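Working notes, beginning with the structure itself.
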Amino acid sequence: MDVSKYLVKPGAAFDPAAWPTREGDGFAGGKKAAKKTLAALSGRLGELQARLYAEGKQALLIVLQGMDTAGKDGTIRHVFRMVNPQGVRVTSFKKPTDLELAHDYLWRVHAHTPARGEIGIFNRSHYEDVLVVRVHNLVPPEVWGRRYDHIVAFEKLLAEEGTRIVKFFLHISKEEQKERLEARLANPKKHWKFNPADLEERALWDGYMEAYRSALERTSHKAAPWYVIPSDRKWQRNLLVAQALVETLEAMDPRFPHVDFDPEAVHVE
Ligand code: AMP
Ligand code: MG
């Protein structure tokens, strides 16, 4: 499986409409095989996380973005199911509070970046400040327009100080979103997930795609690349995210630290 084909190359154009929201049924050997592979990848993620924590030198920040129902929660649940919850911290960014709005938009974000040894997952992120904020004109264009450069600079700072960053745009089609919203309405256990305001966001679909286009074109840089994950099929989405994360952590190559005593010479009474 070659996940590099889902990367937005730094400086390249990005047109959401030209990128797939699903692969074929035979992708990665089909759904059944993919589920097995996912289990193995999640186990491998667990091992790598244990090393990262023991080493305590590097951090990993994962950014998840996507339209409503794209599967940000589901991705976290499935991909990290074999990972020790103690080593992972999920932060969900909601509408900013008054206190958060009284600061610059990166203030609340920086407070939740992972410490050395940790994996931090952002369920939504600072990108909302160039997505929902842009689509709803919450600040003037000259204000959000400056933010792409801030964001790249912020991510470079994190990277240079020891945080690896990977960003995923969970790409679904408008038709798939319709089916998922209808499924939420049809299932009493999913009613709580439905928010009538989601329909207003859906009506702004094209504006969001334009905002995603600018965001991914302007902020996919070497220190923090964007992957565009076809997400109409959950099993394909989970598999691709897991594969990209295993590759990222393997490249980080975290190692158990050397100890400065001879374990064989220690006698436990
Ligand atoms: P959910 O992910 O369904 O829990 O919804 C969270 C909501 O918070 C979404 O509608 C986001 O667009 C919104 N949100 C997150 N960050 C911001 C932000 N910086 N400014 C405005 N709205 C935001
Ligand atoms: Mg929602």
Side-chain angles (χ1 to χ4, degrees), residues 1-7 28-29 31-64 72-93 109-123 125 154-168 221-227 229 234-269:
M1 201 186 338
D2 180 13
V3 284
S4 69
K5 73 181 249 211
Y6 302 100
L7 268 177
K31 187 171 177 175
K32 232 179 166 176
K35 286 198 164 181
K36 273 197 182 147
T37 311
L38 175 64
L41 287 171
S42 186
R44 179 79 185 123
L45 266 185
E47 286 167 27
L48 287 159
Q49 181 278 327
R51 284 172 185 266
L52 188 82
Y53 186 80
E55 181 193 65
K57 287 187 179 159
Q58 319 173 67
L60 175 62
L61 173 60
I62 300 158
V63 170
L64 291 176
K72 299 181 288 291
D73 302 289
T75 300
I76 297 170
R77 198 165 61 244
H78 290 289
V79 173
F80 289 91
R81 64 180 177 217
M82 308 271 284
V83 181
N84 180 354
Q86 288 207 94
V88 180
R89 209 143 49 86
V90 182
T91 309
S92 298
F93 289 96
V109 176
H110 207 162
H112 291 286
T113 54
R116 289 177 225 289
E118 279 183 346
I119 296 178
I121 305 175
F122 283 179
N123 182 343
S125 65
F154 170 63
E155 291 174 347
K156 277 191 178 155
L157 160 101
L158 296 177
E160 287 175 7
E161 292 289 319
T163 301
R164 186 69 76 106
I165 306 167
V166 233
K167 303 180 293 201
F168 296 102
H221 54 112
K222 196 162 166 276
W226 275 107
Y227 286 93
I229 302 293
K234 294 171 186 173
W235 57 275
Q236 296 174 353
R237 173 200 76 201
N238 294 338
L239 189 66
L240 285 167
V241 170
Q243 176 74 27
L245 290 177
V246 165
E247 287 182 16
T248 301
L249 272 160
E250 279 176 347
M252 290 167 78
D253 193 21
R255 295 173 186 221
F256 288 115
H258 288 292
V259 289
D260 55 6
F261 56 85
D262 175 4
E264 283 181 27
V266 179
H267 182 68
V268 181
E269 287 293 342

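Just so you know, residue 1 is the first one in the sequence shown, and it goes up from there. The structure displayed is predicted, hence computed values, not measured ones.
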Expected list for residues 74-86: side-chain donor-acceptor pairs under 3.5 angstrom, two or more places apart:
residue	atom	partner	partner atom	Å
T75	OG1	G71	O	2.6
T75	OG1	R237	NE	3.0
N84	OD1	Q86	N	2.8

Problem - Side chains of F122 and V109 in contact at under 4.5 Å (non-hydrogen atoms) - result: yes
Problem - Distance, nearest 0.5 Å, that separates CG of L249 from CD1 of I62 - result: 7.5 Å
Could you give the side-chain donor-acceptor pairs of residues 255-269 under 3.5 Å, partners two or more places apart or in another chain?
residue	atom	partner	partner atom	Å
R255	NE	D253	OD2	3.1
R255	NH2	D253	OD2	2.5
D262	OD1	E264	N	3.0

Handout entry: Residues in salt bridge (Lys or Arg N to Asp or Glu O under 4.0 Å) contact with K5, at least two apart in sequence or another chain
Key = E23
Exercise for the section: Nearest 0.5 Å please: distance from the CG atom of L41 over to the CG atom of L240. Expected result: 10.0 Å
Practice task
Look up atom CG in L245 and atom CG in L48, then write down how far apart they are to the nearest 0.5 Å.
Solution key: 10.0 Å
Practice task
For residues P225 and A223, report the shortest heavy-atom separation together with the two atoms involved.
Solution key: CD-C, 3.9 Å
Exercise for the section: For side-chain contact (heavy atoms from CB on, under 4.5 Å), just list the numbers for L38 and W235, CA-CA rounded to whole Å, side-chain angles, deciding distance to a tenth of an Å, and then say yes or no. Expected result: CA-CA 8 Å; L38 175 64; W235 57 275; over 6 Å; no
Exercise for the section: Not counting sequence neighbours, which residues clear side chain to side chain donor-acceptor pair (under 3.5 Å) with T163? List them please. Expected result: none
Problem - Contacts of type side chain to side chain contact (heavy atoms under 4.5 Å, CB included), residue K57, not counting sequence neighbours - result: E55
Fill in the blank from the handout: Taken in chain and number order and not counting sequence neighbours, the residues that satisfy side chain to side chain donor-acceptor pair (under 3.5 Å) with Y53 are none
Practice task
Name all residues meeting the side chain to side chain donor-acceptor pair (under 3.5 Å) criterion together with R44; count only those two or more places apart in sequence or in a different chain, and write none if there are none.
Solution key: E47, E250
Fill in the blank from the handout: Closest heavy-atom pair, P114 versus G120, reported as atoms and distance to 0.1 Å, is CB-N, 3.6 Å
Problem - Minimum side-chain heavy-atom gap V241-Y227 below 4.5 Å - result: no
Practice task
Could you pull out all residues at least two apart from H110 that satisfy ring pair (Phe, Tyr, Trp, His ring centres under 6.0 Å)?
Solution key: F154
Practice task
Measure the spacing between CG of N238 and CD1 of I229 and express it to the nearest 0.5 Å.
Solution key: 10.0 Å
Problem - Interatomic distance, L60 atom CG to L52 atom CG [nearest 0.5 angstrom] - result: 7.0 Å
Handout entry: With sequence neighbours excluded, residues passing side chain to side chain donor-acceptor pair (under 3.5 Å) with E118
Key = R89
Handout entry: Shortest non-hydrogen separation from V63 to S125 and the atoms involved
Key = CG1-OG, 3.6 Å
Problem - Under the side chain to side chain contact (heavy atoms under 4.5 Å, CB included) test, residues paired with K35 that sit two or more places apart - result: K31
Exercise for the section: For residues L239 and A28, report the shortest heavy-atom separation together with the two atoms involved. Expected result: CD2-CB, 3.4 Å
Practice task
Locate the shortest heavy-atom distance separating K167 from E155; write the atom from each residue and the value.
Solution key: NZ-OE1, 2.8 Å
Problem - Expected output: side-chain Q58 to main-chain M252 donor-acceptor under 3.5 Å - result: yes
Completion exercise
dist L45:CG -> I119:CD1 (nearest 0.5 Å) comes out at 6.5 Å
Fill in the blank from the handout: Heavy atoms of D2 and Y6 approach each other most closely as O-CE1, 3.8 Å
